[in-house]
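This report concerns only the one structure given below.
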Amino acid sequence: MKEKNNRRAFMAQLGLSTIPFVFPKIEKNAIAFEDELPANGTEAQSMINFIYDGLELSPDAYLQKLKEISGSQPIQPDFYGSGGVTKLLEEKFAKLTGKEKAIYLPTGTMANQLALKLLNQHNTKVIVPENSHVYRDEADAAQSVHGKRLIPVGIGKPYYNLADMEEAIRYLDENEVFKSGLGTVLIESPVRRANGAFVPMETVREISKYCKEHHYKMHLDGARIHIASAFSGVSISEYASYFDTVYISLYKYLNAGGGAMLCGDAEIIDQVGHQIKIFGGTVYQSWFNTAMANHYLDGIDDRWKQVVGISKSMVADLNQIKGVTLTAIPNGSNIFLMKLSNDIDLKKLANYLYKEHQIMLGRATKEGIVKFAFNDSLLTRAYPQVIEAWKKGIEQARNS
Ligand SMILES: Cc1ncc(COP(=O)(O)O)c(C=O)c1O
(Lines give C-alpha, C1' and ligand atoms only; values in the text may rest on other atoms or scores of the structure.)
Protein backbone atom coordinates (compact mmCIF):
# COMPACT_ATOMS: atom_id res chain seq x y z
CA MET A 1 0.00 0.00 0.00
CA LYS A 2 2.78 2.31 1.06
CA GLU A 3 4.68 1.40 -2.09
CA LYS A 4 1.66 2.21 -4.21
CA ASN A 5 1.34 5.59 -2.56
CA ASN A 6 5.00 6.28 -3.10
CA ARG A 7 4.63 5.38 -6.70
CA ARG A 8 1.66 7.70 -7.04
CA ALA A 9 3.57 10.49 -5.31
CA PHE A 10 6.52 9.91 -7.59
CA MET A 11 4.40 10.01 -10.69
CA ALA A 12 2.72 13.16 -9.51
CA GLN A 13 6.16 14.63 -8.84
CA LEU A 14 7.20 13.90 -12.37
CA GLY A 15 3.95 15.26 -13.69
CA LEU A 16 3.24 11.87 -15.20
CA SER A 17 -0.15 11.17 -13.78
CA THR A 18 -1.86 12.76 -16.77
CA ILE A 19 0.04 11.34 -19.70
CA PRO A 20 -2.11 11.30 -22.85
CA PHE A 21 -1.55 7.86 -24.24
CA VAL A 22 -4.45 7.79 -26.55
CA PHE A 23 -3.96 11.31 -27.79
CA PRO A 24 -5.74 13.62 -27.23
CA LYS A 25 -7.67 11.81 -24.48
CA ILE A 26 -5.95 12.20 -21.12
CA GLU A 27 -5.17 8.85 -19.55
CA LYS A 28 -3.64 7.94 -16.25
CA ASN A 29 -0.82 5.57 -16.99
CA ALA A 30 1.94 5.49 -19.49
CA ILE A 31 2.94 2.21 -21.03
CA ALA A 32 6.43 2.92 -19.82
CA PHE A 33 5.28 3.10 -16.24
CA GLU A 34 3.21 -0.02 -15.91
CA ASP A 35 6.03 -1.92 -14.25
CA GLU A 36 8.04 -0.74 -11.27
CA LEU A 37 9.45 2.71 -11.34
CA PRO A 38 12.86 3.83 -10.14
CA ALA A 39 12.84 4.70 -6.44
CA ASN A 40 13.32 8.33 -6.99
CA GLY A 41 13.17 10.10 -10.26
CA THR A 42 14.47 13.60 -10.22
CA GLU A 43 15.64 13.18 -13.77
CA ALA A 44 12.60 14.74 -15.34
CA GLN A 45 14.53 17.65 -16.72
CA SER A 46 16.79 15.46 -18.81
CA MET A 47 14.01 13.06 -19.69
CA ILE A 48 13.42 12.74 -23.40
CA ASN A 49 9.80 12.33 -24.36
CA PHE A 50 8.24 11.43 -27.69
CA ILE A 51 4.78 12.23 -26.38
CA TYR A 52 4.38 15.96 -25.86
CA ASP A 53 5.17 19.19 -27.68
CA GLY A 54 7.34 20.40 -24.82
CA LEU A 55 9.47 19.25 -21.91
CA GLU A 56 6.70 18.37 -19.42
CA LEU A 57 8.74 19.60 -16.46
CA SER A 58 8.04 17.98 -13.11
CA PRO A 59 7.16 20.37 -10.25
CA ASP A 60 10.72 19.98 -8.94
CA ALA A 61 12.27 20.68 -12.32
CA TYR A 62 9.91 23.64 -12.77
CA LEU A 63 10.95 25.13 -9.44
CA GLN A 64 14.61 24.55 -10.19
CA LYS A 65 14.26 26.24 -13.56
CA LEU A 66 12.51 29.26 -12.04
CA LYS A 67 15.30 29.50 -9.48
CA GLU A 68 17.87 29.36 -12.25
CA ILE A 69 16.01 32.08 -14.19
CA SER A 70 15.72 34.38 -11.16
CA GLY A 71 19.38 33.63 -10.33
CA SER A 72 20.55 35.09 -13.61
CA GLN A 73 18.17 38.06 -13.38
CA PRO A 74 15.57 38.66 -10.65
CA ILE A 75 12.07 37.97 -11.94
CA GLN A 76 9.88 41.07 -11.89
CA PRO A 77 6.39 40.12 -10.71
CA ASP A 78 3.24 41.39 -12.34
CA PHE A 79 0.29 42.84 -10.42
CA TYR A 80 -3.08 41.53 -11.67
CA GLY A 81 -1.41 40.85 -15.00
CA SER A 82 0.13 44.32 -15.34
CA GLY A 83 3.83 45.05 -15.46
CA GLY A 84 6.86 42.92 -14.66
CA VAL A 85 7.83 39.94 -16.77
CA THR A 86 4.22 39.57 -17.96
CA LYS A 87 4.40 42.98 -19.65
CA LEU A 88 7.83 42.14 -21.07
CA LEU A 89 6.44 38.94 -22.57
CA GLU A 90 3.42 40.77 -24.00
CA GLU A 91 5.79 43.16 -25.76
CA LYS A 92 7.82 40.25 -27.13
CA PHE A 93 4.70 38.55 -28.48
CA ALA A 94 3.46 41.75 -30.12
CA LYS A 95 6.82 42.07 -31.87
CA LEU A 96 6.95 38.40 -32.79
CA THR A 97 3.53 38.47 -34.45
CA GLY A 98 3.94 41.96 -35.92
CA LYS A 99 0.78 43.09 -34.11
CA GLU A 100 0.27 46.34 -32.21
CA LYS A 101 -0.35 44.66 -28.88
CA ALA A 102 -0.49 41.39 -26.99
CA ILE A 103 -2.20 40.49 -23.72
CA TYR A 104 -1.70 37.63 -21.28
CA LEU A 105 -4.73 35.46 -20.45
CA PRO A 106 -4.96 32.55 -18.03
CA THR A 107 -6.10 30.10 -20.74
CA GLY A 108 -6.14 29.65 -24.47
CA THR A 109 -9.83 28.82 -24.24
CA MET A 110 -10.47 32.30 -22.88
CA ALA A 111 -8.20 33.86 -25.53
CA ASN A 112 -10.12 32.14 -28.34
CA GLN A 113 -13.52 32.95 -26.91
CA LEU A 114 -12.80 36.60 -26.21
CA ALA A 115 -11.19 37.08 -29.60
CA LEU A 116 -14.29 35.69 -31.32
CA LYS A 117 -16.61 37.73 -29.15
CA LEU A 118 -14.79 41.01 -29.75
CA LEU A 119 -14.07 40.48 -33.44
CA ASN A 120 -17.61 39.39 -34.19
CA GLN A 121 -19.22 42.42 -32.50
CA HIS A 122 -23.00 42.32 -33.10
CA ASN A 123 -22.75 39.46 -35.63
CA THR A 124 -24.03 36.06 -34.52
CA LYS A 125 -22.20 33.55 -36.69
CA VAL A 126 -18.57 32.43 -36.62
CA ILE A 127 -17.08 29.91 -39.06
CA VAL A 128 -14.85 27.36 -37.36
CA PRO A 129 -13.14 24.11 -38.41
CA GLU A 130 -15.31 21.18 -37.34
CA ASN A 131 -12.36 19.43 -35.72
CA SER A 132 -11.10 22.56 -33.92
CA HIS A 133 -10.53 23.09 -30.22
CA VAL A 134 -13.00 25.98 -30.33
CA TYR A 135 -15.74 23.81 -31.82
CA ARG A 136 -15.17 20.59 -29.94
CA ASP A 137 -13.29 21.33 -26.76
CA GLU A 138 -14.48 24.63 -25.34
CA ALA A 139 -17.74 23.40 -23.82
CA ASP A 140 -19.92 25.41 -26.24
CA ALA A 141 -18.80 28.62 -24.56
CA ALA A 142 -19.34 30.64 -27.75
CA GLN A 143 -22.99 29.61 -27.88
CA SER A 144 -23.77 29.51 -24.18
CA VAL A 145 -21.77 32.44 -22.84
CA HIS A 146 -21.08 34.77 -25.73
CA GLY A 147 -24.22 34.43 -27.85
CA LYS A 148 -22.25 33.35 -30.92
CA ARG A 149 -23.32 30.51 -33.18
CA LEU A 150 -20.43 28.40 -34.40
CA ILE A 151 -20.76 27.11 -37.96
CA PRO A 152 -18.57 24.00 -38.36
CA VAL A 153 -16.87 23.60 -41.74
CA GLY A 154 -14.63 20.86 -43.15
CA ILE A 155 -16.23 17.82 -41.54
CA GLY A 156 -13.94 14.79 -41.82
CA LYS A 157 -11.02 16.86 -43.11
CA PRO A 158 -7.89 18.05 -41.31
CA TYR A 159 -8.80 21.65 -42.29
CA TYR A 160 -11.27 23.39 -44.57
CA ASN A 161 -10.35 25.24 -47.76
CA LEU A 162 -11.89 28.27 -49.45
CA ALA A 163 -14.34 26.16 -51.50
CA ASP A 164 -15.63 24.46 -48.31
CA MET A 165 -16.10 27.83 -46.66
CA GLU A 166 -17.85 29.40 -49.64
CA GLU A 167 -20.17 26.40 -49.82
CA ALA A 168 -21.06 26.78 -46.12
CA ILE A 169 -21.79 30.49 -46.59
CA ARG A 170 -23.88 29.85 -49.71
CA TYR A 171 -25.85 27.16 -47.88
CA LEU A 172 -26.62 29.50 -45.00
CA ASP A 173 -27.62 32.34 -47.29
CA GLU A 174 -29.92 30.12 -49.35
CA ASN A 175 -31.52 28.26 -46.50
CA GLU A 176 -31.94 30.74 -43.68
CA VAL A 177 -34.46 33.55 -43.53
CA PHE A 178 -32.17 35.96 -41.72
CA LYS A 179 -29.26 36.45 -44.07
CA SER A 180 -25.64 36.65 -43.12
CA GLY A 181 -24.85 37.53 -39.51
CA LEU A 182 -21.42 36.09 -40.20
CA GLY A 183 -18.65 38.24 -38.76
CA THR A 184 -15.60 36.09 -38.11
CA VAL A 185 -13.73 33.13 -39.54
CA LEU A 186 -11.38 30.96 -37.46
CA ILE A 187 -8.47 28.82 -38.54
CA GLU A 188 -6.55 26.47 -36.24
CA SER A 189 -2.98 25.67 -37.25
CA PRO A 190 -1.33 23.32 -36.52
CA VAL A 191 -4.45 21.21 -36.09
CA ARG A 192 -4.44 19.32 -32.83
CA ARG A 193 -7.01 16.75 -33.93
CA ALA A 194 -5.16 16.14 -37.21
CA ASN A 195 -1.89 15.09 -35.56
CA GLY A 196 -0.35 18.53 -35.89
CA ALA A 197 -0.93 18.99 -39.64
CA PHE A 198 -0.68 22.65 -40.56
CA VAL A 199 -2.98 24.53 -42.91
CA PRO A 200 -1.02 25.20 -46.14
CA MET A 201 -0.13 28.86 -46.64
CA GLU A 202 -1.92 28.97 -49.97
CA THR A 203 -5.18 27.98 -48.25
CA VAL A 204 -4.66 30.62 -45.56
CA ARG A 205 -3.98 33.27 -48.22
CA GLU A 206 -7.07 32.38 -50.26
CA ILE A 207 -9.34 32.41 -47.22
CA SER A 208 -7.82 35.65 -46.00
CA LYS A 209 -8.31 37.36 -49.38
CA TYR A 210 -11.95 36.27 -49.46
CA CYS A 211 -12.52 37.45 -45.88
CA LYS A 212 -11.01 40.87 -46.61
CA GLU A 213 -13.24 41.26 -49.67
CA HIS A 214 -16.30 40.30 -47.62
CA HIS A 215 -15.30 42.21 -44.47
CA TYR A 216 -15.06 39.16 -42.25
CA LYS A 217 -12.55 39.24 -39.41
CA MET A 218 -10.11 36.37 -38.92
CA HIS A 219 -8.76 34.71 -35.77
CA LEU A 220 -5.91 32.19 -35.66
CA ASP A 221 -5.88 29.54 -32.95
CA GLY A 222 -2.11 29.19 -33.15
CA ALA A 223 -1.69 27.39 -29.83
CA ARG A 224 1.38 25.64 -31.33
CA ILE A 225 2.27 28.10 -34.07
CA HIS A 226 6.03 27.94 -33.45
CA ILE A 227 5.92 24.25 -34.31
CA ALA A 228 4.05 24.94 -37.58
CA SER A 229 6.56 27.65 -38.33
CA ALA A 230 9.57 25.39 -37.72
CA PHE A 231 8.24 22.62 -39.96
CA SER A 232 6.72 24.79 -42.71
CA GLY A 233 9.44 27.45 -42.84
CA VAL A 234 6.79 30.20 -42.70
CA SER A 235 7.56 32.87 -40.11
CA ILE A 236 5.13 33.61 -37.31
CA SER A 237 4.77 37.20 -38.45
CA GLU A 238 3.78 35.98 -41.91
CA TYR A 239 1.16 33.63 -40.43
CA ALA A 240 -0.11 36.43 -38.21
CA SER A 241 -0.30 38.93 -41.08
CA TYR A 242 -3.37 37.14 -42.46
CA PHE A 243 -5.29 37.36 -39.19
CA ASP A 244 -6.79 40.10 -37.04
CA THR A 245 -5.99 38.23 -33.85
CA VAL A 246 -3.65 35.35 -33.01
CA TYR A 247 -3.56 33.23 -29.87
CA ILE A 248 -0.41 31.34 -28.86
CA SER A 249 -0.13 28.98 -25.89
CA LEU A 250 2.48 29.48 -23.18
CA TYR A 251 2.48 25.88 -22.04
CA LYS A 252 2.41 23.61 -25.08
CA TYR A 253 6.11 24.06 -25.85
CA LEU A 254 7.10 27.16 -23.87
CA ASN A 255 6.88 25.00 -20.76
CA ALA A 256 4.88 27.35 -18.51
CA GLY A 257 2.35 25.88 -16.11
CA GLY A 258 -0.41 27.54 -18.16
CA GLY A 259 -1.36 30.76 -19.87
CA ALA A 260 -1.91 32.24 -23.30
CA MET A 261 -1.12 35.34 -25.34
CA LEU A 262 -3.62 37.06 -27.59
CA CYS A 263 -2.11 39.42 -30.16
CA GLY A 264 -3.83 41.94 -32.42
CA ASP A 265 -4.62 45.56 -33.08
CA ALA A 266 -4.77 47.88 -30.07
CA GLU A 267 -8.44 48.49 -30.84
CA ILE A 268 -9.25 44.86 -29.95
CA ILE A 269 -6.54 44.05 -27.42
CA ASP A 270 -7.35 47.15 -25.34
CA GLN A 271 -10.83 45.72 -24.74
CA VAL A 272 -9.60 42.33 -23.57
CA GLY A 273 -8.46 43.21 -20.02
CA HIS A 274 -11.97 44.28 -19.02
CA GLN A 275 -13.45 41.11 -20.53
CA ILE A 276 -10.97 38.92 -18.67
CA LYS A 277 -12.14 40.55 -15.43
CA ILE A 278 -15.83 40.06 -16.30
CA PHE A 279 -15.21 36.34 -16.75
CA GLY A 280 -13.25 36.05 -13.52
CA GLY A 281 -9.90 35.50 -15.18
CA THR A 282 -7.91 38.37 -13.70
CA VAL A 283 -5.30 36.57 -11.64
CA TYR A 284 -3.30 38.36 -8.93
CA GLN A 285 0.09 37.21 -10.23
CA SER A 286 1.14 35.19 -13.26
CA TRP A 287 4.90 35.71 -13.30
CA PHE A 288 5.57 32.00 -12.62
CA ASN A 289 4.01 31.29 -16.03
CA THR A 290 5.30 34.30 -17.93
CA ALA A 291 8.88 34.09 -16.58
CA MET A 292 9.02 30.47 -17.68
CA ALA A 293 7.57 31.15 -21.13
CA ASN A 294 9.85 34.17 -21.49
CA HIS A 295 12.85 31.97 -20.73
CA TYR A 296 11.91 29.33 -23.28
CA LEU A 297 10.92 31.89 -25.92
CA ASP A 298 14.52 33.03 -26.14
CA GLY A 299 16.30 30.94 -28.74
CA ILE A 300 13.18 28.97 -29.64
CA ASP A 301 13.68 29.28 -33.40
CA ASP A 302 17.18 27.81 -33.20
CA ARG A 303 16.08 25.00 -30.92
CA TRP A 304 13.19 23.98 -33.15
CA LYS A 305 15.38 24.23 -36.23
CA GLN A 306 17.56 21.62 -34.57
CA VAL A 307 14.49 19.54 -33.67
CA VAL A 308 13.40 19.59 -37.33
CA GLY A 309 16.90 18.44 -38.40
CA ILE A 310 17.02 15.68 -35.80
CA SER A 311 13.50 14.54 -36.64
CA LYS A 312 14.54 14.05 -40.29
CA SER A 313 17.58 11.98 -39.31
CA MET A 314 15.71 10.03 -36.72
CA VAL A 315 12.76 9.13 -38.97
CA ALA A 316 15.23 7.96 -41.62
CA ASP A 317 17.35 6.02 -39.10
CA LEU A 318 14.42 4.35 -37.34
CA ASN A 319 12.90 3.36 -40.67
CA GLN A 320 16.14 1.47 -41.39
CA ILE A 321 15.43 -0.85 -38.47
CA LYS A 322 13.59 -4.00 -39.48
CA GLY A 323 10.00 -3.92 -38.25
CA VAL A 324 9.88 -0.19 -37.46
CA THR A 325 7.86 2.18 -39.63
CA LEU A 326 7.49 5.88 -39.03
CA THR A 327 5.10 7.62 -41.38
CA ALA A 328 4.84 11.36 -41.98
CA ILE A 329 1.49 13.13 -41.96
CA PRO A 330 0.61 15.25 -45.01
CA ASN A 331 1.51 18.88 -44.18
CA GLY A 332 2.73 17.42 -40.94
CA SER A 333 4.73 19.09 -38.21
CA ASN A 334 6.31 17.34 -35.22
CA ILE A 335 4.07 14.27 -35.04
CA PHE A 336 4.73 11.05 -36.94
CA LEU A 337 2.92 7.73 -36.73
CA MET A 338 4.94 4.73 -35.59
CA LYS A 339 4.01 1.13 -36.25
CA LEU A 340 5.98 -1.88 -35.06
CA SER A 341 5.90 -5.33 -36.61
CA ASN A 342 4.19 -8.05 -34.59
CA ASP A 343 7.47 -9.50 -33.37
CA ILE A 344 8.40 -6.29 -31.51
CA ASP A 345 6.80 -5.88 -28.10
CA LEU A 346 5.99 -2.20 -27.62
CA LYS A 347 5.57 -2.51 -23.88
CA LYS A 348 9.00 -4.12 -23.49
CA LEU A 349 10.53 -1.45 -25.71
CA ALA A 350 8.88 1.39 -23.80
CA ASN A 351 9.89 -0.01 -20.42
CA TYR A 352 13.47 -0.54 -21.56
CA LEU A 353 13.76 2.96 -23.00
CA TYR A 354 12.28 4.49 -19.89
CA LYS A 355 14.26 2.55 -17.31
CA GLU A 356 17.61 2.44 -19.06
CA HIS A 357 17.59 5.69 -20.98
CA GLN A 358 14.90 7.96 -19.51
CA ILE A 359 13.11 8.04 -22.84
CA MET A 360 9.32 8.13 -22.72
CA LEU A 361 7.05 6.65 -25.37
CA GLY A 362 3.32 6.85 -25.83
CA ARG A 363 0.84 4.03 -25.84
CA ALA A 364 -0.51 2.49 -29.04
CA THR A 365 -4.04 3.01 -30.36
CA LYS A 366 -6.32 0.01 -30.98
CA GLU A 367 -4.84 -0.14 -34.47
CA GLY A 368 -1.34 -0.44 -33.03
CA ILE A 369 -0.24 3.07 -33.99
CA VAL A 370 1.91 5.13 -31.64
CA LYS A 371 1.91 8.91 -32.01
CA PHE A 372 5.52 9.89 -32.09
CA ALA A 373 6.09 13.55 -31.24
CA PHE A 374 9.40 15.36 -31.62
CA ASN A 375 10.15 18.22 -29.24
CA ASP A 376 13.16 19.99 -27.75
CA SER A 377 13.61 17.45 -24.94
CA LEU A 378 15.64 15.67 -27.64
CA LEU A 379 18.25 18.42 -27.47
CA THR A 380 19.24 17.43 -23.94
CA ARG A 381 21.15 14.39 -25.27
CA ALA A 382 23.59 13.65 -28.07
CA TYR A 383 21.75 12.18 -31.04
CA PRO A 384 24.00 9.08 -31.47
CA GLN A 385 23.18 8.13 -27.88
CA VAL A 386 19.45 8.37 -28.53
CA ILE A 387 19.51 6.31 -31.71
CA GLU A 388 21.76 3.73 -30.05
CA ALA A 389 19.26 3.43 -27.19
CA TRP A 390 16.50 2.80 -29.72
CA LYS A 391 18.48 0.16 -31.57
CA LYS A 392 19.24 -1.67 -28.35
CA GLY A 393 15.64 -1.28 -27.20
CA ILE A 394 14.26 -2.82 -30.38
CA GLU A 395 16.62 -5.77 -30.06
CA GLN A 396 15.57 -6.31 -26.43
CA ALA A 397 11.91 -6.09 -27.40
CA ARG A 398 12.11 -8.41 -30.39
CA ASN A 399 10.49 -11.77 -29.72
CA SER A 400 12.68 -14.31 -31.36
C1 LIG B 1 -5.46 24.04 -30.54
C2 LIG B 1 -5.77 24.43 -29.13
N3 LIG B 1 -6.43 25.57 -28.90
C4 LIG B 1 -6.72 25.97 -27.66
C5 LIG B 1 -6.38 25.22 -26.56
C6 LIG B 1 -6.80 25.69 -25.19
O7 LIG B 1 -5.78 26.02 -24.37
P8 LIG B 1 -6.01 26.10 -22.77
O9 LIG B 1 -5.81 24.73 -22.24
O10 LIG B 1 -4.96 27.07 -22.33
O11 LIG B 1 -7.40 26.62 -22.53
C12 LIG B 1 -5.70 24.01 -26.75
C13 LIG B 1 -5.33 23.16 -25.60
O14 LIG B 1 -5.28 21.96 -25.65
C15 LIG B 1 -5.41 23.60 -28.07
O16 LIG B 1 -4.77 22.44 -28.31
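Bear in mind that the values here come from a model prediction, so they are computed numbers and not experimental data. The figures that follow rest on heavy atoms only: side chains count, while hydrogens, waters and symmetry mates do not. Remember, it's 1-based here, ligands and their atoms both numbered in the order they're listed. Counting from 1, the numbers follow the sequence of the chain as shown.
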Nearest non-hydrogen protein atom, [atom]:
atom	value
atom 13 (C) of ligand 1	Lys252 NZ, 2.6 Å
atom 9 (O) of ligand 1	Tyr251 OH, 2.6 Å
atom 11 (O) of ligand 1	Thr109 OG1, 2.6 Å
atom 6 (C) of ligand 1	His133 CE1, 3.3 Å

Inset, instruction - Compute the minimum heavy-atom distance from Met110 to ligand 1 and say whether it is under 4.0 Å. - result: no

Legend entry - Contact atoms of ligand 1, heavy-atom distance to Ala223 under 4.0 Å: 1 (C), 2 (C), 3 (N)

Legend entry - Per-atom contacts, ligand 1 versus Tyr247 - under 4.0 Å to a heavy atom: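 Those of ligand 1 that fall under 4.0 Å from Tyr247 are 3 (N), 4 (C), 5 (C), 6 (C), 7 (O).
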
Using a strict 4.0 Å threshold on nitrogen-to-oxygen distance, state whether [X] and [Y] make a salt bridge.
X	Y	answer
Glu188	Arg224	no
Asp221	Arg192	no
Glu213	Lys209	yes
Asp317	Lys391	no
Glu130	Arg136	yes

Inset, instruction - Assess the side chains of Asp376 and Tyr296: does a donor N or O sit below 3.5 Å from an acceptor N or O? - result: no

Could you tell me whether some N/O pair between [X] and ligand 1 is separated by less than 3.5 angstrom?
X	result
Arg224	yes
Gly108	yes
Glu188	no

Legend entry - pair Leu262-Val272: side-chain heavy atoms closer than 4.5 Å: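 They are in contact (side-chain heavy atoms under 4.5 Å apart), so the answer is yes.
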
Legend entry - Lys217 side chain reached by Thr245 side chain, heavy atoms, under 4.5 Å: no

Legend entry - Residue portion contacting ligand 1 (non-hydrogen atoms closer than 4.0 Å) for Asp221: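 Answer for Asp221: side chain.
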
Inset, instruction - Check Asp137 against ligand 1 and report side chain, backbone, both or neither, counting heavy atoms closer than 4.0 Å. - result: neither

